[in-house]
Amino acid sequence: MVFSTTSSHSNILHILPTSDHHPPYDLLQHHPSLLLLSKCKSIQTLKQIHSHIIKTGLHNTPFAQSKLIHFSAVSPFRDLSYALSVFESVDQPNQIMWNTIIRGHSLSPSPISSLQVYDRMLKSGVEPNSYTFPFLFKSCAKARASREGKQVHAHVLKLGFVSHAHIHTSLITMYAQIGELDNARMVFDSNTLRDVVSFTALISGYFSERYVDDARQLFDEIPVKDVVSWNAMIAGYVQSGLFEEAISCFSEMQKANVTPNQSTLVTLLSACAHSGSLELGKWVSSWIKEHGLSSDLQLTIALVDMYSKCGEIDTARELFDGIIEKNVISWNVMIGGYSHMSLYKEALALFQLMLRSNIKPSEVTFLAILPACAHLGALDLGKWIHAYIYKNFKNISNISLWTSLIDMYAKCGCIEVAAQVFRSMRYRNSASWNAMISGLAMHGHAEKALELFSEMTNEGLQPDDITFVGILSACTQAGLVDVGHQYFKSMIQDYEIKPKLQHYGCMIDLLARAGMFEEAKNLMKNMEMEPDRAIWGSLLNACKVHGHIEFGEYVADRLFELEPENPGAYVLVSNMYARAGRWDDVAKIRTSLNDRGMKKVPGCTSIEIDSFVHEFLVGDKFHPQSKNIYRMLDEVDKLLEASGFVPDTSEVLYDMDEEWKEGALSQHSEKLAIAFGLISTKPGTTLRIVKNLRVCGNCHSATKLISKIYNREIIARDRNRFHHFKDGVCSCNDYW
DNA sequence: ATAGGGTTAG
């Protein structure tokens with residue numbers, strides 16, 4: 001079918017001589033087969049055209065040969081082994097064919113082999129030209145082959161090619177990319193040939209080695225700056241995280257009357273997205289409209305990213321919906337935008353829509369959606385993704401992808417599967433270790449987390465501040481005061497990591513929960529930053545547990561100062577008074593809450609049944625199965641009562657009066673989710689629930705009993721950690 | 001009929 005137009009011409013060309021006398025150039029250029037070659041878009045069509053070329057006898061012409069080699073060696077659909085087979089069939093390849101094959105190798109997974117081709121080229125008596133060396137330097141740069149690069153450099157000097165602009169610049173680029181900035185600079189200085197291009201090459205090198213000031217200095221020396229050099233500056237600043245500088249560089253560029261191009265805008269939008277600069281983002285957006293670039297896909301996607309990261313998720317969605325031909329990247333950006341804004345359900349919904357639209361997800365899709373699965377506890381979907389990755393990306397060693405899976409499994413309550421994924425990884429980075437260590441910590445497996453820490457350091461990996469957050473929280477969950485202290489010291493002394501607020505938070509929590517209030521206070525005095533609400537909150541919680549009312553009141557005042565509008569602090573204090581039986585104070589707190597019109601964050605528990613995440617609030621009656629759920633709840637309460645369960649009323653009073661009247665205790669969101677789980681799954685199935693707040697003491701006791709009465713394993717994630725309920729006991733040993 | 005600099009939209 002592809003050749004239907006060629007048959008009428010083939011008669012004419014048959015009269016052309018084929019071997020010794022090549023047909024004239026202009027005739028060949030317009031030969032249908034060779035014209036087709038230029039339009040070819042896949043290796044399959046290329047092969048078909050090739051066989052057609054052989055039939056017409058054109059395969060012996062250097063023109064056809066170099067065209068074939070070109071398309072099979074360096075085009076986007078290249079197939080180097082095919083190119084080599086064509087190349088080997090040529091008797092005496094010319095300079096262009098050799099160069100093309102060398103370039104083909106530079107684009108291949110083993111670019112260094114282009115040097116062997118170069119060797120063969122020289123031995124066959126074909127001279128290199130100014131085209132040859134840039135390809136070779138690109139290969140050396142890609143292979144980080146410093147020694148080989150220098151050998152070729154010596155060749156260039158010997159053959160007198162140094163002053164060729166292309167060779168000069170590619171040499172600078174090579175040294176810059178290998179990280180030998182001094183050599184790059186030497187090449188740059190060794191020549192009077194200093195055009196914008198070579199300047200820009202060196203500037204990018206400086207940026208990649210974080211020599212921002214050198215880059216700027218060099219940039220100021222460029223006599224006539226062009227768009228690319230400005231873009232390199234802006235992109236360099238963005239890469240270095242210097243968004244302010246990137247933005248001011250852009251205004252300089254405009255003062256210099258250089259018109260931005262698409263890359264400028266994309267880079268700028270990325271800077272806005274990372275720094276949250278909505279104002280500039282909007283400005284770029286209107287610039288794009290004014291210049292009629294609104295239909296540009298890349299720009300639109302960059303805008304979607306910018307708007308979603310700057311908090312205007314609805315604007316982002318409108319733009320996304322307006323894209324007529326959505327590609328994977330557009331979906332990824334929008335899904336990632338939702339995840340980034342903690343709109344996990346929306347992320348999940350969009351992902352489902354993507355699948356229904358028959359868009360094949362990419363690795364990045366999963367990097368965007370897995371955190372959403374992790375937060376929602378959407379294990380079924382997470383498992384599906386795992387299977388999909390295993391099938392489609394097994395050979396891609398994307399460490400982040402496997403690390404995201406570890407995190408997802410851990411946060412969905414499957415710590416064993418998380419460990420399996422971790423063990424099956426061929427390569428791990430410190431993020432992978434961190435994910436596993438904090439996963440174990442969340443599940444209260446302190447010993448295993450500590451074991452993993454030594455394994456990590458034994459393998460020569462440097463633990464970072466995140467590793468220690470995992471380790472310290474493992475100690476906190478398990479109440480390992482001394483061990484925690486040792487690691488805290490070791491972090492500072494052996495690993496020279498300055499403790500951050502989070503580390504202090506873990507330690508203060510650890511000490512206070514163990515009743516060591518003096519030590520906790522001392523640590524707070526000695527830290528160089530102000531305690532945040534998490535620290536005061538954990539102190540207040542410890543005061544509640546240990547009945548330290550006086551200190552608790554002091555702590556509560558600090559919390560009120562810090563966040564006067566946060567009802568959470570009032571709830572905690574109310575809890576403390578309730579625990580101590582001081583009901584008058586409880587009432588006072590409640591009145592002041594009501595007077596201020598504050599409502600506590602509603603407790604919300606989700607459970608995934610058949611790949612669908614169901615959410616429940618306290619006393620929720622919106623679920624379609626509500627009647628059945630409440631019938632089950634009644635049964636549960638009766639059985640609980642029958643086995644001697646007495647509700648602990650001290651913890652219920654932090655809820656509003658109305659809820660109390662309705663029996664808020666038995667209608668806590670976690671109990672609704674459990675009741676729904678019991679009626680929606682087969683006997684014996686493990687129930688996994690996720691709660692947005694800490695589980696209350698009453699529900700904790702109730703759930704322990706339910707696990708025994710109904711013979712179910714119940715894995716519950718609360719704000720802080722996991723609780724595995726089984727046979728009437730919880731993995732946290734009632735310490736949380 | 002082949003080349004040099006920046007990015008890449010995640």
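The sequence lines fix the lettering, A, B, ..., with proteins before strands; numbering per chain opens at 1. Here the structure is a predicted model, which means the values were calculated and not measured.
Residue A:F207 contributes atom CZ, which lies 14 Å from atom C1' of B:dG5 at whole-angstrom precision. Separating the CD1 atom of A:I301 from the P atom of B:dT7 is a distance of 20 Å, rounded to the nearest angstrom. With rounding to whole Å, A:L202 atom CG is found 18 Å from B:dG4 atom P. Rounded to whole Å, the distance from CZ on A:F137 to P on B:dG4 is 13 Å. Put simply, CE on A:M306 is 16 Å from C1' on B:dG10, counting in whole angstrom units. Between A:I101 atom CD1 and B:dA1 atom P the separation is 18 Å, expressed in whole Å. Look at NE2 on A:H340: it is 18 Å from P on B:dA9, rounded to the nearest Å. Regarding A:F188, its CZ atom lies at a distance of 12 Å from the C1' atom of B:dG5, rounded to whole Å.
With respect to A:R216 and A:E252, a salt bridge is recorded, a charged nitrogen being found less than 4.0 Å from a carboxylate O.
Here A:S362 lies in heavy-atom contact (under 4.0 Å) with a base. Base contact: A:V196 has a heavy atom under 4.0 Å from a base atom. Among the atoms of the strands shown, none is found under 4.0 Å from any heavy atom of A:T132. Residue contacts shown for A:N99 include a base, since a base heavy atom lies under 4.0 Å away. A:S204 comes within 4.0 angstrom of the backbone, heavy atoms only, and of no base.
In this structure a side-chain-to-backbone donor-acceptor pair under 3.5 Å is missing from A:D314 to A:R317. Looking only at distances, a side-chain donor or acceptor of A:H105 sits under 3.5 Å from a matching main-chain atom of A:I101. Between the side chain of A:S108 and the main chain of A:S110, a donor-acceptor pair closer than 3.5 Å is present.
Checked against the 6.0 Å centroid criterion, the rings of A:W98 and A:Y118 do not qualify as a close aromatic pair. Taking the ring centroids of A:W230 and A:F219, they lie under the 6.0 Å cut-off.
Side-chain proximity of A:S229 to the nucleotides B:dT2, B:dG10, B:dG5 is greatest for B:dG5. When each of B:dA1, B:dT8, B:dG5 is scored by its nearest atom to the side-chain atoms of A:K138, the top-ranked nucleotide is B:dG5. Closest approach to the A:V228 side chain among B:dG5, B:dG10, B:dG4 is made by B:dG5 (side chain taken as heavy atoms from C-beta onward). Out of B:dA9, B:dG5, B:dA1, the shortest distance to the side chain of A:F63 is found at B:dA1. Side-chain atoms of A:L297 lie closest to B:dA9 of the nucleotides B:dT2, B:dA9, B:dG10. Here the nucleotide nearest the side chain of A:T200, chosen from B:dG10, B:dA9, B:dG6, is B:dG6.
Within 6.0 Å of CD in A:Q92 there are 12 or fewer heavy atoms belonging to other residues, nucleotides or ligands.
Heavy-atom distances under 4.0 Å link DNA chain B to A:N261, A:S263, A:V266 of residues 257-283 of chain A, given in residue order. A heavy-atom distance below 4.0 Å to DNA chain B is reached by these residues of residues 230-254 of chain A, ordered by number: A:N231, A:A232, A:A235, A:Q239. Within residues 318-336 of chain A, the residues approaching DNA chain B are A:N327, A:I329, A:N332, A:V333, by heavy-atom distance under 4.0 Å.
Counting heavy atoms from C-beta outward, A:S432 and A:W402 have side chains that stay 4.5 Å or more apart. Inter-residue side-chain proximity for A:F366 and A:L401 is flagged as met; some heavy-atom pair is nearer than 4.5 Å.
Using cut-offs of 30° and 60° on the angle between ring planes, the pair A:H274 and A:F243 is parallel. Classified by interplanar angle (parallel below 30°, tilted 30° to 60°, perpendicular above 60°), the ring pair A:H386/A:Y390 is perpendicular.
Judged by atom type and distance alone, A:D195 reaches the base of B:dG4 through a side-chain donor-acceptor pair under 3.5 Å.
A:D79 and A:S81 share a donor-acceptor pair across their side chains, judged by distance under 3.5 Å alone.
Cation-pi geometry between A:K326 and A:F320 is satisfied (NZ or CZ under 6.0 Å from the ring centre, within 45° of the ring normal).
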